[in-house]
Amino acid sequence: MDLARTDFYLDGRWVAAPTGQTLPVHNPATEQVVATVPAGTATDVDRAVAAARAAFPGWAATAPADRAAHLDRLHTALTARADTIARTVATELGTPLKVATRVQAGLPLTVLRGYVDLAARPPAEETIGHSLVVREPIGVVGAITPWNYPLHQVVAKLAPALAAGCTVVLKPSELTPLVAYLLFDAVHSAGLPPGVVNLVTGTGGVVGEAIAAHPDVDMVSFTGSTAVGRRISHLAADRVARVALELGGKSANVILDDADLATAVKVGVGNAFLNSGQTCTAWTRMLVHRSRYDEALTLAAQAAQGYRLGDPFDPATRLGPLVSAAQRQRVRDHIDKGLADGGRLIAGGPDAPLPGRGWFVAPTVIADVDPDSALAQEEVFGPVLAVLAVDDDDHAVAVANNSRYGLAGAVWSGDDERALRVARRMRTGAVDINGAPFNPLAPFGGYKQSGLGRELGSHGLDEFLQTKAIQR
Ligand code: NAD
């Protein structure tokens, strides 16, 4: 298939990129260039923002039921493309096709479906004394997204922004921009009004900065690294624009002494290695009660060895490559440092066998990790699990909270009340008890340096509203 694209989506039309400058898109399993996309400029961002600004009053005034009908048509158009979406993400990111179908294509459709329903309901108004309190869309939203869940992270911004009555300019990651083009093909066929959503591809340093600093962008909704989130906050602060930030994590999986150990370790390893560990919510620190520690290490090593690396399109593959050569190098460096800092290699590691080409890292488990060491503190974003022993519940909570991040986490115990007590003490935006599944309608977001604001469900929609008090 010819994946190359030469255009932006501006004001309801595909428009040829004026400069002819392009960026390559690689297949990380083959290391080959599979497509190019335009490298946008600040001028392209100006055009996109102007279109979004012009469209805002009309879209904000559109009745909620009509906005919901637009989102419903978008859902239908995107559903028709689900297979192509999964194959495209498998190609540009390397997610095994089965996982790409379920998560990379399936999850955004579920999220979008939820916003069709939420869009239909006008924001609740309230009366406080002689004040009528109403909530209104914030305006033009600049959305900047990363590569690891390239459609989900876009839909988690675009759908609630549109449902709230905002208009959007999107810059997807330059590493995985192709799936965004499929989304905008769906936008076009769904017939969203011109200017309501706009797409400009390019680098973070050029297009991302231009969006974050644009005087006519009312809010910047960003998912990505904490370092870039900080930069975007600074740019937005100059004009006191709102920011929503979904950043990194170093989440703890707390396994208490009365847990079903086999399930806790197996699910925990699977969570840490999902999408080759390139998942912001990954439970990358496994904290095991000392009385079950050795048993847990044996189970974790067995689980890791069951992950077959290979071609994302081969149904037997459970783990794909990392997104880029640079990312692979970062992950290798983290493994080397983790071992140099005293970690004990239990599975994988630098010398484990790998496919002949592709940016692969073997699924790696490192035990006896010092809670203050880099491997326990820094986000690796690769298939690397750190295992630490803890003495009791208080110690588990202290180690879990010994992080500048606070995005996700887990607790396993045979006693639900005990697990809940531990979960409440964890300083993090989400905790799953005994493997409870992800809830796409529940608020998602970080404590501490994992972010600001919440995505998904009604909480995600509220981020795009502002409040007005009318006295009468
Ligand atoms: P990144 O921060 O490098 O890039 C994210 C996006 O920001 C990309 O579109 C990039 O082009 C853009 N960008 C880069 N520099 C910019 C700048 N100066 N101004 C404006 N935009 C800029 O992150 P990444 O490498 O794409 O993704 C990996 C990181 O994202 C990890 O740290 C991970 O934890 C985080 N992440 C967080 C979540 C979450 O929901 N909390 C989800 C996925 C990824």
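FYI, side chains are in, hydrogens and waters are out, and symmetry mates aren't considered; it's all heavy atoms of this structure. Ligands are counted one by one from 1 in listed order, and the atoms in each one are counted from 1 as well.
- Under 4.0 Å from ligand 1, the heavy atoms of E174 that appear belong solely to its side chain.
- Residue pairs meeting the ring pair (Phe, Tyr, Trp, His ring centres under 6.0 Å) criterion with at least one member in residues 147-171, sequence neighbours excluded: W147-F381.
- Using a non-hydrogen distance threshold of 4.0 Å, F222 registers as a contact of ligand 1.
- Among all non-hydrogen protein atoms, the one lying nearest atom 8 (C) of ligand 1 is T145 O, 3.3 Å.
- The nearest heavy-atom contact from the protein to atom 41 (N) of ligand 1 is L247 O, 2.4 Å.
- Among the atoms of E209, some N or O lies under 3.5 angstrom from an N or O of ligand 1.
- Residue S173 approaches ligand 1 through these ligand atoms, each under 4.0 Å from one of its heavy atoms: 9 (O).
- Side chain to side chain, D333 and Q329 meet the donor-acceptor criterion of an N or O pair below 3.5 Å.
- With ligand atoms numbered from 1 in the order given, ligand 1 contributes 41 (N) to contacts under 4.0 Å with heavy atoms of L407.
- If you check each of P172, G208, P150 against atom 20 (C) of ligand 1, the one with the closest non-hydrogen atom is G208.
- Here E209 pairs with R231 in a salt bridge; the nearest charged N to carboxylate O distance falls below 4.0 Å.
- Atom 40 (O) of ligand 1 has E246 CB, 3.2 Å as its closest protein atom, hydrogens excluded (heavy atom only).
- By the 6.0 Å and 45° rule, R318 stacks over the aromatic ring of Y307.
- Classified by interplanar angle (parallel below 30°, tilted 30° to 60°, perpendicular above 60°), the ring pair Y9/W14 is perpendicular.
- If you check each of V228, T223, I144, V206 against atom 5 (C) of ligand 1, the one with the closest non-hydrogen atom is T223.
- In the vicinity of N148, heavy-atom distances shorter than 4.0 Å reach the ligand 1 atoms 43 (C), 44 (C).
- D462 has a carboxylate O that lies under 4.0 Å from a charged side-chain N of R135, or vice versa, which qualifies the two as a salt bridge.
- Comparing G224, G204, A156, G429 by heavy-atom distance to atom 30 (O) of ligand 1, the nearest is G224.
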When you look at D46 and T43, which way does the side-chain hydrogen bond (donor to acceptor under 3.5 Å, both in side chains) test go after all the steps?
CA-CA 5 Å; D46 285 343; T43 310; 5.2 Å; no
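- Summarising the contacts of atom 39 (C) of ligand 1 with C280, P146, G451, the nearest heavy atom is found in C280.
- More than 12 non-hydrogen atoms from other residues, nucleotides or ligands lie less than 6.0 angstrom from CZ of R404.
- No close placement of the F273 and W283 rings is indicated, their centers lying 6.0 Å or farther apart.
- Considering only non-hydrogen protein atoms, atom 2 (O) of ligand 1 sits nearest to S225 OG, 2.6 Å.
- Geometrically, ligand 1 and Q153 share no nitrogen or oxygen pair separated by less than 3.5 Å.
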